[in-house]
Structure formats: structure tokens, C-alpha cells
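Report on the structure given below.
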Number of protein chains: 2
Amino acid sequence: MKRIKLRPGMARPGWDDPEDCRAVLKVLDRIGDKWTVMAVGALADGPMRFNAVLRLTGASHRMLTLTLRGLEAEGLVKRTAYATIPPKVEYELTRLGHSLIEPLQSIAAWAKRNRRAMETARAKFEAAKAE
Amino acid sequence: MKRIKLRPGMARPGWDDPEDCRAVLKVLDRIGDKWTVMAVGALADGPMRFNAVLRLTGASHRMLTLTLRGLEAEGLVKRTAYATIPPKVEYELTRLGHSLIEPLQSIAAWAKRNRRAMETARAKFEAAKAE
DNA sequence: CAGTATCCCGTCGGATACTG
DNA sequence: CAGTATCCGACGGGATACTG
């Protein structure tokens, strides 16, 4: 998804409370992007080394580093470096990070339920505009 | 959020079932971006005209059009044009669109609960790296 | 009022190369 | 192996102008 930039002039959506809308957007900004979802998913099973996450997610070296830094900064992921040679760094979800899995699964469940509906709707839409 | 581009070489995260991971990413791609969240939020209360959504969301003319087109294509929003002069176009959430509010609120609830924790974590992180 | 088209700049993110 | 730095192409998205 596109990076979310918060700006002054905009109002709050009505489905949720007045001001916390900002918080929601901010959080979506953090957890809504592809690599974050993949990384959290990868780490859901337990601690994992950098390269393991790299392979599992398919992210580029660069993006995974940035993503993990972001998650670490926000307290969602714990980073543990072992001063061995070669270095070994393990990442794991914090309690906070784990708690994120539940809402993500809420989305996941919705996605699974409605994927077909969306696909057929899209097909119909495409067909209609090419009449 | 950043647009999500699905690519071949990548595996599924473990927190969720094997293949539907793609569906989740695809859905996040659609519903995870700023303007979609804003638009769905704006329409949650009921049908609304284009310009009303425009003002409420703070989106640019262009982006709102694109966003609404996307939502319409996916069957989340219904578009009704009245052939008056000047034209009047109303948008409203479909049943499918409404069902999306629930998972979004799941995220919203998480965001509200953990916003503080994330902020302090970030502050601590910033402080630590500037020691 | 709603929608489309064009321009254009910022930034996201992949590839590559270099360090500890 | 893990992380940082640099380069650079691609595209997201705002501003603007023009139609029905």
C-alpha cells in the first residue's frame, strides 16, 4: 500500500470515534504494508534469523531491514544480536507484536470469505465497461 | 500504504493458512490505503455525494475518483448517477462494503489500545540510538 | 457537479557494492 | 551473516485545466 501521509485539513470518518481516526491511519501505515504483513506472518511461529525471514517473505535485503527496524522501533519486534562470527541475529515478536496477529487474522478471515465475491464483482465490472 | 505488488518467488507466512496469504495481501492492497479507509469511513453513515466525500476525506479530486472506482469495481461501493443538471452522483456501501467495517474496527480497536505503547516504544528507541 | 486527461515532482523500493 | 550506502528507474498522487 501507499505510505499514508497525515495532513491537517481532513476530517474524521464516521464509522469510528472522532479523533482516533488518526491513530488508525497511523497504524495502518505501519502494519498495512506488504513487507510488514509478511514479516509478522513469518515471525508468528517463533524467533527467526534475518536470512530466514528474508527467504520466507521474499523481501529484498534492503526492505526487510527497513521493515524490521520499523517494527522494532514501534516495539512490535525484538531484535537479539549474538556477537559471534559470523554474526547471528534473531528476531521475534514481542507481546505487542503477537497481539497484532489477531486483528490481522480478522482481515484475513474477511479476505477469505469475500475474495470470490470481489473477484466476480470485478469481472462483472470489467465486462460492463467494455460493452 | 505502499501499493502491494504480488510476486512469484515468495512463500506464505505461517500465521495463516498456506495459500490464502495472497488473498490477504490483495485485500490489504485494496482496503489498506489511506483514501480507501477514509472513503469507507465517510460512507459508513449512509449514502453521500461525491463532493461531500471529497470534503470529508480530504482526498484530492483525482484520488477520490480512483479510489471510488476501485471500490466500485470490487463491489464494495454502489454508484448511482442522476441525470440532472448539474449532475448528482451518490455513493453508498454495498452489503459487502459494510461487512468490511467490522474488520476495520478490529484494527481500529487495536490501534486505540496500543497507540500509546507504540509511541513510548518509539520514543525509547529513538533515545537509545542517540545515546 | 462529477469525471477525465496531462503534467510533474517526490519517494518507494530493487539492484549492487562495500563493511564488521 | 547482518547491515549500510548509493544509485536510479518506476509510479503514486497533487495541481491544473478541460468536458458533459
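Everything quoted here is computed from the prediction, not taken from an experiment. Quick note on labels: first sequence line is chain A, next is B, and so on, each numbered from 1.
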Check: B/Glu72 and B/Leu76 side chains under 4.5 Å, non-hydrogen atoms: no
Within-4.5 Å side-chain heavy-atom neighbours: B/Met118 and A/Leu96: yes
5'-most by nearest nucleotide on DNA chain D - A/Arg62 or A/Leu68: A/Leu68
In whole angstrom, give the distance that lies between atom [atom1] of [X] and atom [atom2] of [N].
X: A/Arg69; N: C/dG13; atom1: CZ; atom2: P; result: 17 Å
X: B/Asp33; N: D/dC11; atom1: CG; atom2: P; result: 17 Å
X: B/Met63; N: C/dG3; atom1: CE; atom2: C1'; result: 15 Å
X: A/Leu64; N: D/dC1; atom1: CG; atom2: P; result: 14 Å
X: B/Lys34; N: D/dG12; atom1: NZ; atom2: C1'; result: 12 Å
X: B/Asp29; N: D/dG12; atom1: CG; atom2: C1'; result: 12 Å
X: B/Leu66; N: D/dG12; atom1: CG; atom2: P; result: 10 Å
X: B/Arg30; N: D/dG12; atom1: CZ; atom2: C1'; result: 14 Å

Secondary structure of DNA chain D in dot-bracket form (Watson-Crick or G-U wobble, distances below 3.5 Å, | marking inter-strand pairs): ||||||||||||||||||||
Residue-level proximity of residues 73-89 of chain A to DNA chain C when a heavy atom falls under 4.0 Å: A/Pro87
same_hphob_cluster(A/Leu93, A/Leu66) at 4.5 Å side-chain heavy-atom cutoff: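 A/Leu93 clusters together with A/Leu66.
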Among D/dG3, C/dA2, C/dG3, the one nearest A/Tyr91 by side-chain distance: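 Selected nucleotide: D/dG3.
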Proximal nucleotide (of C/dA2, D/dG3, C/dG3) relative to the A/Phe50 side chain: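 For the A/Phe50 side chain, the nearest candidate turns out to be D/dG3.
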A/Ser99 vs B/Trp110, side chain to side chain donor-acceptor pair (under 3.5 Å): CA-CA, chis, key distance, verdict: CA-CA 8 Å; A/Ser99 75; B/Trp110 189 91; 2.9 Å; yes
CG-CZ distance between B/Asn114 and B/Arg116, expressed to the nearest 0.5 angstrom: 12.0 Å
Heavy-atom pair of closest approach, residues B/Trp35 and B/Thr57: CZ3-O, 3.5 Å
For the student: nearest non-hydrogen atoms of A/Ala39 and A/Leu71, plus distance: CB-CD1, 4.3 Å
Non-neighbouring partners of A/His61 that pass ring-ring contact (aromatic ring centres under 6.0 Å, His included), sequence neighbours left out: A/Phe50
Basic-acidic side-chain contact under 4.0 Å: A/Glu90, A/Arg49: no
Presence of donor-acceptor pair under 3.5 Å, side chain of A/His61 and base of C/dG14: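 It does not, because no donor-acceptor pair links the side chain of A/His61 to the base of C/dG14 below 3.5 Å.
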